[in-house]
Amino acid sequence: MYEEMPKTYDPAVAEPEVLDKWLSGNYYGRRPGKGDCTVVIPPPNVTGKLHMGHALDDSIQDAIVREARMRGRSTQWILGTDHAGIATQTKVDKKLKSEGKNRLEMGRETFLDACWDWTHEYGGTIKEQIKRMGCSVDFDNERFTMDDDYAEAVRKVFCDWYHDGLIYRGKRIVNWCPNCTTAISDDEAEYENEHGHLWHLRYPLTEPVNGQDYIVVATTRPETMLGDTGVAVSPKDPEKAAFVGKTVMLPIVNREIPIFSDFHVDAGFGSGFVKVTPAHDPNDYAMGEAHGLEKINIFDEHAIVVDGYGEFSGMTRDECREAVVAWFEEHGLLDHIEDHEHSVMHCYRCDTTLEPWLSEQWFVAVDKLKGPAIEAVTSGRVRFNAERWKQSYLTWMENLKDWCISRQLWWGHRIPVFYCEDCGWEDALMEDTDVCPKCGGHHVHQDENVLDTWFSSQLWTFATQGWPQRPEGLEGHHPTTALVTARDIIALWVARMIMSSEYFLHEEPFHDVVIYPTILAKDGSRMSKSKGNGVDPMDLIDKYGADAMRFNLLSLFTANQDVKFDADIDKRTHEFKGSPRTEQARAFVTKIWNASRFLLMNMEGYEPGEPKAISDADARMFSRLAKQVKAVTEGIETYNFGEMVRNLQAFFWNEVCDWYVEVTKARLKLDDERLQAQRNLIFVLDTSLRLMHPLMPFVTEKIWDAMPASWLDVDPATGEAVRAEALMVAAWPEPEAYTQWIDEPAERAFELMRAVVTDVRSTRARYRISPKEQLRVVVRAHGDDAASAIGQMSGFAASLANASSVEVGLDLEKPEGSIALAGPDFDAYIVVGDLVDFAAERTRIEKAIKKAEKELAGAERTLANPGFVAKAAPEVVEAKRERAADLKAELDALTAQLVDFA
RNA sequence: GGGCGUUUGGCUCAGGGGUAGAGCACUUCCUUCACACGGAAGGGGUCGCUGGUUCAAAUCCAGCAACGCCCACCA
C-alpha cells in the first residue's frame with residue numbers, strides 16, 4: 001500500500017514503469033465488448049516528429065479511447081504513418097545530395113530503396129513518442145500507406161475509378177514546382193504577399209486605332225510575354241471596343257496576336273489591356289480555351305526558358321524577366337513601372353515560387369463524388385465539432401474542382417496504367433504486365449507518375465481495416481467513431497475520406513469530426529521552425545511528465561479556433577524554458593498523488609464495504625461525486641474537454657482534498673467511525689481516479705496499483721472483491737449507477753457548515769489570531785433547517801475551524817467579547833475576548849451593510865417592476881423574493897450588531 | 001472580395017438573459033503528523049464602442065473599431 005508510494009511522485013520514474021505494465025499486459029489491442037469504438041490516428045508523416053498539434057490530437061483521442069475501453073466497448077485505436085510523397089522524397093534527395101549522389105543517376109529502383117531505408121530509420125521515432133505520451137494505440141497492428149495490402153487498396157481505388165470514368169488524363173495548367181519538378185494540388189500551394197511591380201509594356205498595333213499605334217499592357221510577369229497569344233479587354237469597357245478584333249505584333253517574338261474581349265478582365269485594373277499567356281496562367285488558360293488561342297509553353301520543367309527564344313533561351317524566370325524588361329526599355333517600349341503588391345504561390349514543401357505550367361496530368365472528376373459527400377454532412381451522418389466547421393466544409397465541397405492526382409515523383413504509389421507502344425492500348429490494371437493483352441506485343445510500359453499522397457490517405461479508415469481483401473474486418477468497426485484532426489486538413493483529407501468512403505462503402509468514414517484549436521506560440525504567432533518558437537512535446541514530458549502535458553493540453557481544448565500556449569522559449573538558443581500552465585498541471589498531478597498517499601496511509605484495518613453516508617458531509621460528497629461522474633462522461637463523449645477538465649480539477653482539489661478529506665481526518669481517529677470513513681474515502685478516491693484516468697493515465701494507474709479494493713470492485717452476487725488487472729481496463733463509473741447519491745439538501749447543509757468555518761477563519765485572519773489558538777464559537781441559526789444542518793456537522797466545523805466548541809441553537813445569546821458575523825441563514829459569534837477592536841468591527845459592519853443595502857435596493861427595484869412580476873419565470877421571481885428576504889434578515893442582524901460596537 | 005474567430009480583473013482564459021468566475025500574479029498569515037508543486041484569509045473588473053430587442057443584456061440582435069485566421073484572387 002502506501003509504503004510503495006514514495007513521498008514525491010516522479011513521472012520520469014513512474015511513467016516508464018506504468019508503460020511496461022500496460023504493454024506487457026496487452027491492453028492496447030482490440031477486445032470483444034459491448035459497443036464499438038474505433039479511431040484512426042491521423043497519420044503523421046513518416047519522417048516527422050510529434051509537434052504540439054499532434055500532442056493535443058493524441059491526448060484527445062486517447063481520452064476518448066480509454067473512456068470507451070473502460071466502459072466495456074470494443075476499442076481499437078489504429079496507428080499508422082503516411083509515406084508523405086513530396087516530403088520524404090525531398091529529404092532523401094537532400095541526403096543524397098550531401099553524399100554527392102543524385103536520384104537521376106542512381107535510377108528509380110535504387111532511389112526507392114533509399115527511401116525505404118530512410119523510412120525504416122526515421123519511422124520509429126514518432127511511434128516511440130506516441131508511446132511515451134501514454135497513448136493506447138494498437139502498436140501490434142501498425143499500418144503504413146506503402147504496405148503491400150494498403151497499396152493494393154490504393155490500386156483498386158484507382159482502377160475502379162478509372163474504369164468507372166472518374167479518372168482521366170488531360171493537359172491542364174497545374175501548379176508546378178520547378179524545384180521538386182512535380183505538379184502539386186491547389187490545396188498544397190500557399191499564397192504569400194510579395195512586393196512586386198506592375199510593368200506597363202507597349203505592344204505595337206498592326207494597324208493604328210483612333211490614331212494610336214500601340215497599346216499598353218500591364219503585367220507582373222513580363223517574362224511570360226514570350227508565350228503570349230492574345231490580348232484581352234473587358235466587355236464592359238466601351239473605350240476598348242474599337243480595339244476588339246484588331247491585332248498587335250508581339251515584340252521580340254514577332255507574333256501577330258488578336259485582341260478580344262473576355263469577362264475575366266477587370267476594366268479598372270492596370271491599363272485595361274491584359275496580355276494572355278494560356279500556358280502560364282490559369283485565367284489566361286481559360287480565356288485561351290474560350291477563344292481558341294494557341295498555348296505556348298516557354299518553360300521547361302525547371303522553369304528555364306526553352307529553345308527557340310534566342311538570347312532568352314536557357315535563362316531562369318528571374319533572368320528572363322530582367323532581360324525582357326531591358327529589351328523593352330532599349331526599344332522604347334517600356335511605358336512605365338508601378339509598385340504593386342500581389343500574392344504569389346509557393347510550394348508548401350520547398351517554398352519555391354510555383355509556375356502555372358501546362359502539362360499532362362491525371363485527374364479525378366469530382367462531380368459524382370461531391371453529392372454523397374455533401375449529403376453525408378447535411379443529413380447529420382457526419383457531425384462536425386464545433387459545428388461551425390460544417391459550413392467551411394460545405395462551401396469548399398460546393399466549389400470543388402477536379403483533383404490533380406499525379407505527381408512527378410518516384411516515392412509513392414505508382415499509377416497502375418499500362419501503355420502498349422505497338423498498338424496504343426492503355427488500361428489500368430491490378431497486376432503488372434509486360435505483354436500487351438490486345439496485340440501481344442512486348443513494348444508495354446507503366447505510367448511514370450505516382451499518386452498524390454492524399455489519394456492514398458483518403459482510404460485511411462477502411463484500408464487500415466482490411467479493405468478490400470478482408471471486408472469482414474470492417475464489420476462493426478466502420479464507420480469509425482471519431483476523427484480528431486486539425487482544421488487545415490478539413491479539405492485536404494477529411495473531405496476526401498468522406499468522398500471515397502461514400503463511393504466504395506456507401507457509408508461515412510466516421511460519425512464525428514472533432515476539430516481542435518491550432519496551438520499558437522505565447523505571443524499569438526504561429527509556431528514554426530524558422531521562427532524557432534515551437535515547443536517540442538518531448539521537452540514538456542521531460543520537464544513535467546506526460547500526464548501534466550496531457551492535462552494541460554486538454555484544458556486548452558475549447559470551441560475556440562486557436563489557443564496560445566504559454567511556453568517560454570529562449571529567443572537566442574530556442575531552448576525551452578518552461579510552461580507555467582503545464583507546471584500547474586504537474587502540481588495537480590502531485591496533489592492527486594499526495595492525497596492518495598494520505599488516504600492509503602490511513603487504511604489500517606480497512607476491509608472493502610459499501611459506502612454509506614453517516615453525515616451530510618458524506619452525503620454531500622457522494623452527491624457531488626455523482627454529478628462529476630455524469631459531467632466527465634458527457635464531457636468526453638461530447639468532446640467538451642476544456643470545461644470538463646477544469647471542473648474535474650476544481651472538484652478533486654477543492655471538494656475532495658480541501659474539504660472532504662479534511663472533514664474526514666477527525667473521523668479516522670474515532671474507532672466506531674473509522675472503517676466507514678475508510679470505505680467512503682476509498683470509494684470517492686477510486687471513482688475519482690477512474691474519472692481522471694483517460695486524462696492522466698500514468699499517475700492514476702500508479703496509484704491504483706497501491707490501492708486496496710473498493711466497493712466498485714465488489715461483485716454484488718458473490719460479495720467477493722475482484723480487482724481488474726489494471727485501471728485502464730477497470731470498469732468506468734456509470735452515471736446511472738451514481739444518480740442514487742444525488743442529495744441536494746445535504747449539499748445545501750454542507751454549505752452552511754462551510755460558511756461557519758469560513759467566518760471563523762476570516763475573523764482569525766483579521767485579528768491575527770494564531771491558528772493554534774482554539775476559539776469558542778456560537779451559532780444562532782435563523783431557522784430549524786439551518787440549526788439542524790449545522791448542529792449535525794458542528795463537530796466537523798469545530799475541527800476545521802479549530803474551535804474549542806461550536807454551539808448551535810435558535811435562541812442563543814451573543815457571548816461577551818465576541819465578534820458577530822451576520823448571514824442570511826445564521827449569525828456566528830466568535831469569542832475573541834479582549835482582542836475586539838470596536839472601530840475595526842464598526843467599519844467592517846458598515847461596509848457589509850452598504851453592500852447588502854445596495855443589493856437589496858436592486859432586488860426591490862426589480863420586484864417593484866410590474867413587468868418583472870408579470871413576465872419573468874415564476875421560479876425567478878420566487879428566487880428574487882427569497883434573496884430580498886435573506887438580505888433583509890442579514891441587514892437586521894448587521895444593524896443589531898452595529899449597536900454592540902457603538 | 002467572401003467567410004470565420006477574438007475583444008471579461010496585471011497576465012492566460014472560462015462562462016453566458018436574472019446579484020461578475022478560475023488559474024497565475026499580488027497582499028497577509030501558517031512549515032499542525034498527505035502535499036510549501038501545500039493550506040487559510042484577502043484586494044482587484046461599470047465583461048471593446050454605439051444603438052436595438054426585453055420586465056431584465058456582460059450574455060441575444062445590428063452597426064462600428066481593433067487584432068487574428070481561413071478561402072478566393074487582380075493580369
Side-chain angles (χ1 to χ4, degrees), chain A residues 2 5 7-9 186-187 191 198 217-221 224 232 264-266 268-277 281-284 287 340 342-343 388-389 391-392 395-396 399 487-488 490-491 517-518 520 522 524-526 544 548 555-556 558-566 580-581 583-602 642-643 646-647 649-650 657-658 661-662 665 757-758 761-766 768-772 800-802 851 854-856 858-859 861-862 865-873 876-877 879-880 883 887:
Chain A
Y2 83 94
M5 299 184 73
K7 193 166 177 184
T8 50
Y9 175 74
D186 291 345
D187 312 292
Y191 284 90
L198 201 51
V217 299
T219 179
T220 54
R221 300 201 55 200
T224 61
H264 283 91
V265 180
D266 171 4
F269 187 86
S271 62
F273 288 101
V274 182
K275 62 189 267 319
V276 180
T277 323
D281 181 279
N283 282 325
D284 291 8
M287 289 194 268
H340 179 63
H342 61 137
S343 58
R388 122 175 64 96
W389 301 113
Q391 202 44 55
S392 324
T395 308
W396 185 81
N399 297 322
R487 66 169 184 274
D488 50 349
I490 292 176
T518 304
L520 303 174
K522 193 182 173 182
S525 63
R526 254 171 195 283
Y544 305 112
S555 77
L556 296 175
T558 63
N560 252 322
Q561 56 184 19
D562 39 43
V563 294
K564 286 184 259 189
F565 194 82
D566 67 354
R581 284 189 64 143
E583 193 162 339
Q584 227 264 313
R586 183 189 50 178
F588 181 46
V589 170
T590 308
K591 184 76 184 178
I592 298 166
W593 178 261
N594 279 313
S596 308
R597 194 167 153 270
F598 169 73
L599 295 194
L600 298 179
M601 281 169 71
N602 285 286
E643 188 188 8
R646 281 187 297 268
N647 287 338
Q649 169 168 350
C657 296
D658 293 346
V661 171
E662 291 304 321
K665 275 179 179 174
V757 173
T758 303
R761 285 171 172 173
S762 61
T763 303
R764 208 186 269 283
R766 207 152 11 91
R768 315 217 166 195
I769 298 168
S770 160
K772 286 174 187 160
L800 292 169
N802 194 27
K851 193 177 168 234
K854 195 178 163 200
E855 200 194 324
L856 181 61
R861 218 178 306 127
T862 305
N865 183 336
F868 174 74
V869 183
K871 294 186 184 174
V876 173
V877 177
K880 186 66 86 181
R883 182 65 193 153
L887 285 166

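What you see is a predicted model; the values in this text were computed from it and never measured. Below, read A as the first sequence line, B as the second, and so on, with proteins coming before strands; counting in each chain starts at 1.
Using a 4.0 Å heavy-atom distance criterion, A:K522 is classed as making no nucleic acid contact. At the heavy-atom level, A:R766 lies nowhere under 4.0 Å from the strands shown. A:S770 comes within contact range of no nucleotide atom at all, as no heavy-atom separation falls under 4.0 Å. Counting non-hydrogen atoms under 4.0 angstrom, A:D658 reaches the backbone sugars and phosphates but no base. As judged by a 4.0 angstrom heavy-atom cut-off over every strand, A:T590 is placed among the base-contacting residues. At the heavy-atom level, A:A873 lies under 4.0 Å from base atoms of the strands shown. Among the heavy atoms of the strands lying under 4.0 Å from A:R487 are primed sugar atoms or P, OP1, OP2 only; no base atom is included. At a threshold of 4.0 angstrom between heavy atoms, the contacts of A:K851 with the nucleic acid are absent. Residue A:N865 is in sugar-phosphate contact alone, with no base atom involved, counting any heavy-atom pair closer than 4.0 Å across all strands shown. Using a 4.0 Å heavy-atom cutoff across all strands shown, A:R646 reaches sugar-phosphate atoms only and no base atom. If you check every strand for non-hydrogen atoms under 4.0 Å, A:N399 touches nothing. A:K854 comes within 4.0 angstrom of no nucleic acid atom, judged by non-hydrogen atoms across all strands. Within the 4.0 angstrom heavy-atom criterion, no nucleotide atom of any strand lies near A:T277. Across all strands, A:K275 comes closer than 4.0 Å only to sugar-phosphate atoms, never to a base (heavy-atom distances).
As a whole-Å value, the separation of A:R764 CZ from B:C29 C1' is 11 Å. Distance, A:R221 CZ to B:A75 P: 10 Å, rounded to whole Å. Straight-line distance from the CZ atom of A:R761 to the C1' atom of B:A40: 6 Å, rounded to whole Å.
You'll find the side chain of A:R487 reaches within 4.5 Å of the side chain of A:D562, heavy atoms only.
Applying the side chain to side chain contact (heavy atoms under 4.5 Å, CB included) test between A:W593 and each of A:Y9, A:F598, A:F588 identifies A:Y9 as the sole match.
Residues A:L520 and A:S525 share a closest heavy-atom pair of CB-O, 3.4 Å. For the pair A:D281 and A:N283, the tightest heavy-atom approach, listed with the atom from each and the gap, is OD1-N, 2.8 Å.
At a cut-off of 3.5 angstrom, counting only N and O atoms as typed in the model, there is no donor on one side facing an acceptor on the other between the side-chain of A:K880 and the base of B:A56. No hydrogens or angles were tested; on distance alone, nothing pairs the side chain of A:E662 with the base of B:A40 as donor and acceptor under 3.5 Å.
At least one donor-acceptor pair closer than 3.5 Å links the side chain of A:D284 to the backbone N or O of A:T277.
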Nucleotide by nucleotide, 5' to 3', does protein get under 4.0 Å of the base (B), only the sugar-phosphate (S), or neither (-) in nucleotides 21-28 of chain B, counting heavy atoms? --S----S
